[in-house]
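Shown next, in structure tokens, is the structure this report addresses.
The structure presented is a predicted model; accordingly, all values stated were derived computationally and were not measured.
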Amino acid sequence: MGLSGRERRILAQIEQALEREDPELARRVAAINRIEAVGGLPERPYGDRARLWALTHGWVIAVAAALVIVSLLVAVLAT
């Protein structure tokens with residue numbers, strides 16, 4: 001639901017008064033508005049690296065488990 005022209009003008013006046021009274025709070029409110037406009041929180045800086053790390057280590061664990069199973073199978077068949 002959009003704002004009417006009058007409501008937008010009132011909101012702009014409130015924001016201008018806030019900027020004059022408390023610039024730090026105005027910056028925080030602007031940051032919150034940017035986050036809401038984008039549709040979520042910004043990406044985490046380590047998101048891609050952490051995902052790649054987990055994927056790589058998952059494969060290493062799977063290969064190690066396969067090697068253990070194969071070596072146990074060879075040991076059982078050799079005896």
Side-chain angles (χ1 to χ4, degrees):
M1 186 171 152
L3 298 174
S4 69
R6 181 172 180 258
E7 291 170 333
R8 276 190 233 123
R9 283 192 302 276
I10 292 171
L11 185 59
Q13 290 172 354
I14 292 171
E15 289 174 350
Q16 289 171 356
L18 177 63
E19 288 175 5
R20 285 192 302 270
E21 295 295 320
D22 193 353
E24 178 61 31
L25 180 60
R27 276 191 291 267
R28 285 189 258 157
V29 168
I32 290 169
N33 287 338
R34 278 192 304 273
I35 290 170
E36 289 179 352
V38 170
L41 294 174
E43 289 189 32
R44 288 179 247 160
Y46 300 109
D48 291 334
R49 277 190 6 194
R51 188 174 52 82
L52 180 62
W53 182 88
L55 182 63
T56 303
H57 284 75
W59 277 109
V60 168
I61 291 170
V63 168
L67 287 175
V68 168
I69 291 170
V70 168
S71 64
L72 287 174
L73 184 62
V74 168
V76 167
L77 293 176
T79 56

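- Here the rule is side chain to side chain contact (heavy atoms under 4.5 Å, CB included) with L72, and of V68, V70, I69 only V68 fits it.
- Checking each of T79, L73, V74 against L77 for a side chain to side chain contact (heavy atoms under 4.5 Å, CB included) leaves exactly one that passes, namely L73.
- Here the OG-CG distance, from S4 to L11, works out to 10.5 Å after rounding to the nearest 0.5 Å.
- Applying the side chain to side chain donor-acceptor pair (under 3.5 Å) rule to R27 yields the partners E24; only residues at least two apart in sequence or on another chain are considered.
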Got a list of side-chain donor-acceptor pairs under 3.5 Å for residues 13-21, not counting sequence neighbours?
none

